[in-house]
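Reminder, nothing fancy here: chain letters follow the sequence lines and each chain counts from 1. Just so you know, these numbers use all the heavy atoms, side chains as well, and skip hydrogens, waters and symmetry mates.
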Amino acid sequence: MLQVATIKNNLDKYVNGLQKRGFKGAEELLNDVLTLDENRKRIQGELDEVLHESNKIAKEIGQLFKQGKKDEAEKAKTRTSELKQKSKTLTEELNGIETSLTKHLYNIPNIPHESVPVGNTDEDNELVKLKDKNIPNLGDHKKPHWDLIEEYDIVDFELGNKVSGAGFPFYKKQGARMVRGMINYFLDKAAEAGYEEVQPPVVINEASGLGTGQLPDKEGQMYHMEANDLYLIPTAEVPITNMYRDVILKQDELPVKHTGHTPCFRREAGSWGSHVRGLNRLHQFDKVEIVQVVEPEKSYEVLDEMVSHVENLIKSLGLPYRILRLCAGDLGFTAAITYDFEVYSAAQEKWLEVSSVSNFETYQANRLKLRIKNKEGKKELAHTLNGSALALPRIMAAILENNQTGDSIKMPEVLHPYLGFKEITRR
RNA sequence: AGAGGCGUGGCAGAGUGGUCGAAUGCGGCGGUCUUGAAAACCGUUGUACCGCGAGGUACCGGGGGUUCGAAUCCCUCCGCCUCUGCCA
């Protein structure tokens with residue numbers, strides 16, 4: 001969430017930033033926010049005065065009772081009724097303004113970093129790096145992964161349909177082992193890079209959803225359990241980042257680096273089509289996430305560090321990949337900048353997004369009330385960042401397709417120790 | 001799930017209607033002393049908002065209520081503990 005004071009001091013910058021995103025009516029909305037804030041201050045001031053007055057009288061009454069001057073005390077009571085009425089009115093007015101103000105702020109996205117390219121759709125995303133030399137020539141054996149998984153019996157969508165529904169597959173045999181192996185590999189690599197492992201809950205409350213910005217923006221995209229008013233997490237970002245909600249970090253606790261594996265649940269409402277097949281899009285998938293909380297001055301340096309961590313992971317798996325800097329229009333609600341990683345899946349001849357790494361600057365921290373106490377003892381909002389390292393199903397799809405030989409599917413060497421086999425075979 | 005108890009500042013722990021933003025201890029910070037450190041002693045030490053400032057307001061798990069006045073009384077929600085029950 002943006003800070004009112006910052007909006008006020010940088011109105012043009014914020015208007016431009018939102019317009020860059022294609023956000024309609026930015027100027028009007030921001031002006032509304034400023035007006036609401038002005039009103040808030042004014043009413044708060046009036047209320048404070050009224051409360052001051054009635055506090056004073058209440059104290060006097062206390063004194064009078066103590067001195068046994070009951071009559072005078074009773075008389076003083078009558079003076080407060082008008083004040084009470086006034087404070088009630090003002091409080092209601094204030095609550096109304098504050099509700100409206102937060103609602104406005106909740107619905108304003110982050111503004112893009114200056115390096116974010118202009119654009120409206122994914123076609124305007126900027127290609128930062130392309131490593132496609134190792135795209136295999138599959139020749140005669142060029143089966144998409146949805147055929148391969150049936151042939152080798154490693155993922156079962158039918159079974160998933162029966163037990164849960166579409167988009168909830170069973171991984172079987174060497175497929176199940178592959179999932180477990182990749183999770184362990186990714187977690188080990190994150191640990192090597194200094195990320196402390198956590199295993200967070202996979203359900204979150206409303207406050208956490210608001211904290212990282214999934215709510216109210218993505219309300220309809222999360223599974224909601226009404227009986228308990230809890231949500232299934234769409235990413236480990238939510239529980240892990242919310243570990244630091246209402247926290248003031250000391251300098252020596254920084255940087256905060258966490259990694260965690262969780263299943264991720266997404267309703268993907270409205271995003272299904274004929275182009276979505278196999279592992280390309282699921283309602284439940286596994287992901288290893290990396291999260292950092294850092295000082296503002298260091299966040300862009302840290303962003304680069306996270307980008308290269310993800311890049312090294314993909315490289316180590318031997319997959320062709322490209323890195324994109326998302327254009328303003330394609331940027332997530334809370335992000336100031338995002339790098340997407342895509343791997344090339346050679347049989348379906350498609351680039352698949354497998355990671356996105358983002359800097360949220362103070363946007364989440366402001367909602368989370370996540371602050372840093374700096375050397376001078378002053379508190380400032382932290383910067384939060386996160387990235388997928390990595391999301392599994394599409395990685396799996398690319399490995400299966402790119403490494404098929406006709407008789408087997410070769411596994412990347414780095415995974416061998418994690419799998420207990422070097423290739424997937426028909427059995 | 002049922003019964004009972006509890007939820008106070010970084011921590012521990014007083015406080016059952018006014019003088020309480022809150023005793024006391026520990027911890028933290030500053031100082032005295034010391035070659036240095038410890039101990040001892042002195043001082044200081046919550047957060048947010050408004051205001052140039054003086055100062056004001058709010059906050060004792062969350063929300064609501066009673067009252068001139070609430071940490072204190074009532075309602076409700078959440079959480080924790082104990083016992084009973086149930087169950088990975």
Side-chain angles (χ1 to χ4, degrees), chain A residues 1-9 33-106 199-211 215 224-231 239 242-254 256 263 362 365-382:
Chain A
M1 167 160 82
L2 303 177
Q3 300 159 88
V4 178
T6 324
I7 295 174
K8 195 172 173 181
N9 297 328
V33 165
L34 294 183
T35 309
L36 281 168
D37 191 55
E38 291 298 320
N39 290 341
R40 198 204 92 231
K41 284 184 193 173
R42 203 190 69 239
I43 304 292
Q44 179 77 63
E46 286 175 32
L47 179 60
D48 283 358
E49 272 176 46
V50 172
L51 290 175
H52 176 45
E53 181 69 19
S54 66
N55 283 346
K56 226 166 68 185
I57 294 174
K59 266 181 195 157
E60 284 167 18
I61 292 174
Q63 290 299 320
L64 290 171
F65 270 121
K66 206 167 248 180
Q67 294 162 15
K69 299 176 181 168
K70 290 217 172 67
D71 292 350
E72 283 185 49
E74 288 300 330
K75 218 190 283 175
K77 278 190 195 179
T78 61
R79 284 162 54 204
T80 59
S81 66
E82 190 194 342
L83 291 172
K84 262 188 114 173
Q85 190 50 48
K86 241 193 221 172
S87 81
K88 204 178 153 193
T89 314
L90 287 169
T91 304
E92 277 165 14
E93 197 175 343
L94 187 64
N95 288 343
I97 290 172
E98 281 178 345
T99 306
S100 169
L101 183 59
T102 12
K103 203 178 145 198
H104 276 73
L105 289 172
Y106 272 149
Q199 199 198 49
V202 299
V203 300
I204 48 125
N205 56 27
E206 189 187 14
S208 294
L210 287 168
L215 292 175
H224 182 218
M225 291 170 283
E226 232 167 278
N228 309 290
D229 199 17
L230 293 169
Y231 298 84
N242 270 282
M243 289 165 70
Y244 295 90
R245 175 150 46 86
D246 293 316
V247 166
I248 298 173
L249 291 162
K250 293 192 215 84
Q251 205 84 26
D252 61 8
E253 295 174 290
L254 298 168
V256 167
T362 59
N366 190 34
R367 288 194 180 192
L368 293 161
K369 296 197 176 59
L370 163 51
R371 286 162 296 172
I372 293 169
K373 199 169 193 169
N374 64 23
K375 289 180 192 94
E376 295 84 50
K378 274 195 141 185
K379 292 175 201 75
E380 57 177 358
L381 290 173

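Using a 4.0 Å heavy-atom criterion, one finds that A/L51 contacts the sugar-phosphate atoms exclusively. A/K379 comes within contact range of the sugar-phosphate backbone alone, with a heavy-atom separation under 4.0 Å but no base atom that close. Contact annotation for A/R79: no contact, since no heavy-atom pair falls under 4.0 Å across all strands. Heavy atoms of A/R42 sit nowhere under 4.0 angstrom from any nucleic acid atom.
Residue whose closest nucleotide on RNA chain B sits further toward the 5' end, between A/I248 and A/D37: A/I248. Nearer the 5' end of RNA chain B, as judged by each residue's closest nucleotide, is the contact made by A/K59, out of A/R40 and A/K59.
Between A/K88 and A/E93 there is no salt bridge, since no side-chain N of the basic residue sits under 4.0 Å from a carboxylate O of the acidic one. A salt bridge is defined here as a Lys NZ or Arg NE, NH1 or NH2 lying under 4.0 Å from an Asp or Glu carboxylate O, and A/K77 with A/E74 meets this definition.
Spacing of C1' atoms, B/A23 relative to B/C74, comes out at 28 Å, to the nearest Å. Comparing the C1' positions of B/G55 and B/C60 gives an interatomic distance of 24 Å, to the nearest angstrom. Only the P atoms considered, B/U72 is 16 Å distant from B/U67, to the nearest whole Å. Only the C1' atoms considered, B/A71 is 10 Å distant from B/U16, to the nearest whole Å. Nucleotides B/G13 and B/G2, compared at atom C1', are 32 Å apart to the nearest Å. Across the C1' atoms, B/C11 and B/G56 are found 31 Å apart, a figure rounded to whole Å. Separating the P atom of B/A40 from that of B/G79 is a span of 43 Å, rounded to the nearest Å. Rounded to whole Å, the P atom of B/G27 lies 12 Å from the corresponding atom of B/A38.
The number of heavy atoms from other shown groups lying within 6.0 Å of CD (A/E60) is above 12. The neighbour count for A/E38 CD, taken as heavy atoms of other residues, nucleotides or ligands under 6.0 Å away, is above 12. Within a 6.0 Å radius of CD in A/E380, other residues, nucleotides and ligands contribute more than 12 heavy atoms.
Taking atom NZ on A/K378 and atom C1' on B/A48, their separation rounds to 16 Å, with Å as the unit. Going from atom CZ of A/R245 over to atom C1' of B/G61 covers 14 Å, rounded to whole Å. The CG-P distance, from A/D246 to B/C78, rounds to 20 Å in whole Å.
Among B/C50, B/U47, B/A58, the nucleotide with an atom closest to any side-chain atom of A/K41 is B/C50. Comparing B/U57, B/G18, B/C50 by their nearest atom to the side chain of A/D48 picks out B/U57. For A/A58, the side-chain atoms get nearest to B/C68 when compared with the rest of B/U57, B/A48, B/C68.
Using Watson-Crick or G-U wobble geometry with both donor-acceptor distances under 3.5 Å, B/U66 finds no partner in any strand shown. B/A14 makes up no base pair with any nucleotide shown, lacking Watson-Crick or G-U wobble contacts both under 3.5 Å. Under the Watson-Crick and G-U wobble criteria, each requiring two contacts below 3.5 Å, nucleotide B/U32 is paired to B/A40. Here B/C59 sits opposite B/G46 as a Watson-Crick or G-U wobble pair (both hydrogen-bonding atom distances under 3.5 Å).
Not one side-chain nitrogen or oxygen of A/N55 sits closer than 4.0 Å to the OP1 or OP2 atom of B/G69. Regarding contacts with the backbone of B/U57, a side-chain N or O of A/H52 is found under 4.0 angstrom from either OP1 or OP2. Contact annotation: A/K369 does not reach the phosphate of B/A48 (side-chain N/O to OP1 or OP2, under 4.0 Å).
A/N205 places no side-chain N or O within 3.5 Å of a backbone atom of A/L230 that could act as its donor or acceptor partner.
No side-chain heavy atom of A/L368 sits less than 4.5 Å from a side-chain heavy atom of A/Y244.
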